[in-house]
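See below for the structure under consideration.
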Amino acid sequence: MQSGQLPLSELASPFDLQSTLESGQSYLWWRADGNDYEGGLYGGNNWYRTTTEVDDEHAVIAVCQTDECLKWRSHIDAEPILRDRLRLDDDLTAIRQGAPDDRIVEAAFEAYQGMRLVQEPPFQTLVSFICSAQMRVARIHGMQQALREAFGTPVEFDGETFFSYPTPGQLAEATEQELRDLSLGYRAPYVKRTAEMVRDGTDPADARERPYEQAREHLTQFVGVGQKVADCILLFSLGYTEAVPLDTWIRKIIDRYFPDCERGNYEETSRALRARLGGEYAGYTQTYLFHYLRHAEDPPE
DNA sequence: CCCCAGGCACCTC
DNA sequence: GAGGTGCATGGG
């Protein structure tokens, strides 16, 4: 067992673990108290866990934020992985300066200071967002937990047994009925067929070689992936910070705050909102707006 | 009973 | 390419 502490004072910008992991970007971590996505408890001292693979070995990573630092425990040296997956080196000040000077954008950045985009493993993100279609955040997370327990590999950690996220091969071997039994509904065949594609050599990470809009188009070859899900994979896994996924919440936000960006189809509306939100880091701003307006009781005009 | 959730595949035209 | 329809499940 290894452990470490990463002083928050060494980061370029503030950091907030809970909003980063519970803002609907990633469904690949779970809280030690089991109270995922139930809100409250802001202020830290919750351990979050996930798994990773190093040289075909499965490892658990546990992380907890205190007032002064990010503490971690793991089978491996987790610091570089945390730095990467939680984008600890992002300069939020610069990102915020590139965002538009709107009341609603200011309020969102102010409400969740320190929230980062995540950068999660491509296949796991791909499956997570196939499951996300017409589904609530808490249930998407529950589905990923169910997939781990049904098809992942057991990993011992701190005297408990956890499960790795299933590999493409492990998921491809699941039957459609087994996936339906986990309440995946009509997404079950999408997950199975996509897992088969990845197992057989089509790598979602290959999208990285392409410019943004071509990368989005490339990802739609996977079954169950349309433009919106493709944008989520680009934004939350492949480092395309300009990607702006247009889901039901963002469409409400467009109606209310950016009606001039509505262009009647996904591609053009996305392009207009991307420009409106500052271009290069538009997806960062979008993620703040999404999280803020989904929880705000009394949003400003 | 209704409506909705980080939509997509498939079908017309 | 634009526009409809069916699709699973659970919560409010």
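Naming convention: chains lettered A, B, ... in sequence-line order (proteins, then strands); numbering from 1 in each chain.
- Across the protein-nucleic acid pair, A:Y190 atom OH and C:dA8 atom P stand 8 Å apart, rounded to whole Å.
- A:E213 has a carboxylate O that lies under 4.0 Å from a charged side-chain N of A:R271, or vice versa, which qualifies the two as a salt bridge.
- For DNA chain B, the span of nucleotides reached by chain A at under 4.0 Å from its heavy atoms goes, 5' to 3', from B:dC4 to B:dA9.
- Among A:R49, A:R85, A:E22, the one residue that satisfies the side-chain contact (heavy atoms from CB on, under 4.5 Å) test with A:W29 is A:R85.
- Heavy atoms from other residues, nucleotides or ligands lying under 6.0 Å from CZ of A:R193 number 12 at most.
- The stretch residues 227-235 of chain A touches DNA chain B through A:Q227, A:K228, A:V229, each having a heavy atom under 4.0 angstrom from the strand.
- Residue contacts shown for A:Q286 include a base, since a base heavy atom lies under 4.0 Å away.
- Within residues 217-226 of chain A, the residues approaching DNA chain B are A:F222, A:V223, A:G224, A:V225, A:G226, by heavy-atom distance under 4.0 Å.
- Dense packing is recorded around CD of A:Q2, with more than 12 heavy atoms of other residues, nucleotides or ligands lying under 6.0 Å away.
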Would you tabulate the nitrogen or oxygen pairs shorter than 3.5 Å linking the protein to nucleotides 9-11 of chain C?
{"unit_1": "C:dT9", "atom_1": "O2", "unit_2": "A:R139", "atom_2": "NH1", "d": "2.9"}
{"unit_1": "C:dG10", "atom_1": "OP1", "unit_2": "A:S183", "atom_2": "OG", "d": "3.4"}
{"unit_1": "C:dG10", "atom_1": "O4'", "unit_2": "A:R139", "atom_2": "NH1", "d": "3.2"}
{"unit_1": "C:dG10", "atom_1": "N2", "unit_2": "A:R136", "atom_2": "NH1", "d": "2.3"}

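- Qualifying side-chain hydrogen bond (donor to acceptor under 3.5 Å, both in side chains) partners for A:Q144, counting only residues two or more places apart in sequence or in other chains: A:Y165.
- Note on ring orientation: taking the six-membered ring where Trp is involved, the planes of A:W30 and A:F162 are tilted (angle from 30° to 60°).
- The environment of CD in A:E57 is sparse: at most 12 heavy-atom neighbours from other residues, nucleotides or ligands sit within 6.0 Å.
- Contact check for A:F151 versus A:F163: no side-chain heavy atoms found under the 4.5 Å cut-off.
- The stretch residues 241-266 of chain A touches DNA chain B through A:P245, A:D247, A:T248, A:W249, A:I250, A:K252, each having a heavy atom under 4.0 angstrom from the strand.
- Across B:dC2 and C:dG6, the matching P atoms stand 15 Å from one another, rounded to whole Å.
- Although no hydrogens or angles enter the test, the distance criterion places a donor-acceptor pair under 3.5 Å between the side chain of A:R148 and the main chain of A:L28.
- Note: A:W249 and A:F290 have perpendicular aromatic rings, judged against thresholds of 30 and 60 degrees for the angle between ring planes.
- Atom C1' of B:dC1 sits at a distance of 15 Å from the matching atom of C:dG11, rounded to the whole Å.
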Take A:Y257 and A:L289 through the test side-chain contact (heavy atoms from CB on, under 4.5 Å) and record every step on the way to the result.
CA-CA 11 Å; A:Y257 299 103; A:L289 289 173; over 6 Å; no

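- Using a distance-only test at 3.5 Å, with no hydrogens or angles considered, a donor-acceptor pair links the side chain of A:Y284 to the main chain of A:L117.
- A donor-acceptor pair under 3.5 Å is formed between the side chain of A:T241 and the backbone N or O of A:E280.
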Could you walk me through whether A:Y27 and A:F129 pass the ring-ring contact (aromatic ring centres under 6.0 Å, His included) test, one step at a time?
CA-CA 9 Å; A:Y27 303 94; A:F129 281 93; 5.5 Å; yes

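- A salt bridge links A:E110 with A:R96: at least one charged nitrogen is closer than 4.0 Å to a carboxylate oxygen.
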